[in-house]
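Below is one structure, written out as structure tokens, with a few remarks after it.
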Amino acid sequence: MQAKASSAPKVRARNVNVFYGSKQALFDVNLDIPDCSVTSFIGPSGCGKSTFLRCINRMNDTIDICRVEGDIHLDGLDIYARDVDPVILRASVGMVFQKPNPFPKSIYDNVAYGPRIHGLASNTDELDGIVETSLKRAGLWDEVADRLDEPGTGLSGGQQQRLVIARAIAVRPEVILMDEPCSALDPIATAKIEELIDDLRAHYCIIMVTHSMAQAARVSQNTAFFHLGKLVEAGPTEQIFTNPNDTRTQDYITGRFG
Amino acid sequence: MQNLLPLAMAALVVLTLIAWFHGRNRAVASAGVHPSALHSLPGYSGAYLAIWAGLPAFLILALFGLFGNLVVDQLLRHALPQDIRALPVEQLELFVRNARALAVGGTASETSPALLDAAQTYASLSRQSHVGVMVLVIALTTGGFFFARRQISAKFRARNHVEAAIFALLVACSAIAVLTTLGIVLSLLTESLRFFSQINALDFLFGLKWSPQTALRADQVGQSGSFGAVPLFAGTFLITLIAMVVAAPVGLYSAIYLSEYAKPSTRRIVKPILEILAGVPTVVYGFFALLTVGPFIRQTAEAVGLGAQTQSALSAGLVMGIMIIPFVSSLSDDVINAVPQALRDGSYAMGATQAETVRNVVFPAALPGIMGALLLAVSRAIGETMIVVMAAGQSANLTANPLEPVTTVTVQIVTLLTGDQEFDSAKTLSAFALGLVLFVITLGLNIISLRVVRKYRERYD
Ligand SMILES: Nc1ncnc2c1ncn2[C@@H]1O[C@H](COP(=O)(O)OP(=O)(O)OP(=O)(O)O)[C@@H](O)[C@H]1O
Ligand SMILES: [Mg+2]
């Protein structure tokens, strides 16, 4: 299913089935996701993209009725093993949501939130450093450097989304999950986030859900197409978009359904 | 004659209904074969006709029902012979009341030929006024009916007129609410001013001794009457403080448990139980405090060598705190639930535990609303009377010892106004002054807490 990655995959999913109560949302998903690249999930609404994404940082654990079967490995370690604490897992698999959700705290405290709870900084200077590098990486530093103590909720939508990305970066994750990170943003803010994702690719494994074919084509190296809870096809983005193996992929990409 | 009023009301209702149907049919007929030619739906024409036919007559009947007796009394007074009209006010009052009682077939406290005469006059006056009102009502109904009926046509904007009438009704209702509040405040103010004309306002607000017994007769000694309200406010403050020390943490933590930790099934059971606690009458809490908590506190205090009485600030405060718990927990539960799930998800996705999420994200986000809830609970505690009457006693002690009996502003107001008192003595009037100060305090608290709550709402909408 997967295009040959140069090295071992960062995330490896085998026979993943997900149920909400008695309703099955994902069927037998097998997928390898390489490190230091952007992988996008595409597919019609309700096909299970978010569900699969949330399996990777075990956010589905917070939903009472949700049950996950199968194996998901991060760097060869089973993240659903008994001795894995989802709280610790989530520190290395960060997540950015569709709607920017900064905490009602200052910009500084938003970014410092993760480092503080994980004890990443031993003094305030170090914390200041983490906040600054995270904001710089997220491309927000120049816009907020002189107002770090203003509330994060007072920023524009695009700035908020970059703030949330900075917040996620601050705990030094290895994987960043993004669920439609640009769907609430205008084209200019979207372009900025896309640029940012492209920069971040060098250091992180980025997995992104998107409804925009153009966005998937622009920023991702690999693409996976989901349909009705099944992974239909996955491979290098160029191949999926120019020469898909499955007619359903072809139909979706050319806009014939979904 | 007395039974005529309900009958007239019933007839009026029937007539109004008939007017409604007639108006509707007339509108439909006027549109001919093109129902869409009507400006308003036929129901509006019906309502328009019904309002004109029914409303003025209804208002007259209602006014007559409320004030008719007063009018007839007044008429009787003018018709009485000269010698009776010359009687002192109280006796004249009694005479009129007796005459009215005889006229409607009741029993009077005395009878005399003059009284029987007056009763007959009363009966005939009453009959005349009833007939007059009925004639007026019939005239208004028919007049209104035909006036409105002439206007109904396809082009008539019945909807706009009916909506104007509804608007007037809404304004009238809110005016009633506002005017009653204003009236209460004004009467508090005027009576308080009368009190402050006898007692210095500064002595009242800052005096340390409360003993409102004034001399009944000029030659009585030893009853000077001192109106220093500080002990009362101190008592109120002490009991409120104890109540909040109980209610704030317990209510808050149970709200956090309910909204963040409890399983939906647990929540479905526990929440209604907490709300039942809010439905227990305060007098029940009162005797719970007096009969169970009070003796328990006294025994415990004596066991450790402290002097204590059954009635104490502590027992009243504890029980009042229990009473306020559901108030705090239910309001805080609402604000905590209003914190968007996205914030919690954001925190979990950063690798925060549930406790960290509650402490660092949910609680701070809900804090302004929780402050509002606590302030509302405080004003509830300040206004509470029954528990304090029963459990804290009535002696105006200026003390910070929670084991001693104290009294509160509300309790004093009750004791001042119950029992035989001259209405314009300083003692009675002081109740109004206390009420005024209490009103200002709770009003201030409510305004602050509503502000706080509103500010919090704005942030997430
Ligand atoms: N919390 C939940 N409880 C019950 N069913 C759920 C829940 N979340 C998702 N589902 C169901 O699982 C299926 C997959 O949903 P999912 O959110 O993963 O779709 P998606 O591909 O992300 O769609 P979209 O593009 O609209 O975001 C849907 O049928 C949905 O109804
Ligand atoms: Mg989704």
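Proteins get letters first, then strands, A, B, ... in listed order; numbering begins at 1 in each.
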Practice task
Tell me, yes or no, whether the heavy-atom count around A/His203 atom NE2, taken from other residues, nucleotides or ligands under 6.0 Å, exceeds 12.
Solution key: no

Handout entry: Residue pair A/Asn57 / B/Ala349: nearest heavy atoms and the distance that separates them
Key = ND2-CB, 4.4 Å

Handout entry: Residue part contacting chain B, namely of A/Pro102, when any heavy atom lies under 4.5 Å
Key = backbone

Exercise for the section: Would you mind reporting whether A/Tyr113 and B/Val361 have side-chain heavy atoms less than 4.5 Å apart? Expected result: yes

Exercise for the section: For A/Arg90 and B/Met350, run side-chain contact (heavy atoms from CB on, under 4.5 Å): C-alpha distance rounded to whole Å, both residues' side-chain angles, the deciding distance at 0.1 Å, then the answer. Expected result: CA-CA 6 Å; A/Arg90 287 183 205 131; B/Met350 302 286 303; over 6 Å; no

Practice task
Give, as side chain, backbone, both or neither, the part of A/Arg58 having an atom under 4.5 angstrom from any heavy atom of chain B.
Solution key: neither

Handout entry: A/Asn101 CG to B/Arg344 CZ distance, which is reported to the nearest 0.5 Å
Key = 12.0 Å

Side-chain donor-acceptor pairs of residues 91-99 of chain A under 3.5 Å, sequence neighbours excluded:
{"unit_1": "A/Ser92", "atom_1": "OG", "unit_2": "A/Leu89", "atom_2": "O", "d": "3.0"}
{"unit_1": "A/Gln98", "atom_1": "NE2", "unit_2": "A/Glu180", "atom_2": "OE1", "d": "3.4"}
{"unit_1": "A/Gln98", "atom_1": "NE2", "unit_2": "A/Ser183", "atom_2": "OG", "d": "3.2"}

Practice task
State whether the number of non-hydrogen atoms from other residues, nucleotides or ligands found under 6.0 Å of B/Met386 atom CE is greater than 12.
Solution key: no

Practice task
Please look at A/Ile88 and chain B and tell me whether the side chain, the backbone, both or neither of the residue comes under 4.5 angstrom of a heavy atom of that chain.
Solution key: neither

Problem - Under 4.5 Å from a heavy atom of chain B, the part of A/Val87 involved - result: both

Problem - Other residues, nucleotides, ligands: >12 heavy atoms within 6.0 Å of B/Tyr253 OH - result: no

Problem - B/Asp345 side, atom CG; A/Asp179 side, atom CG - distance, nearest 0.5 Å - result: 11.0 Å

Exercise for the section: Find the one option among B/Gly351, B/Ala342, B/Ser347, B/Pro264 whose heavy-atom pairs under 4.5 Å with chain A are most numerous. Expected result: B/Gly351

Practice task
May I ask you to decide if B/Asn360's main-chain N or O and A/Lys105's side chain share a donor-acceptor pair within less than 3.5 Å?
Solution key: yes

Handout entry: Heavy-atom neighbours of A/Phe19 CZ exceed 12 at 6.0 Å
Key = yes

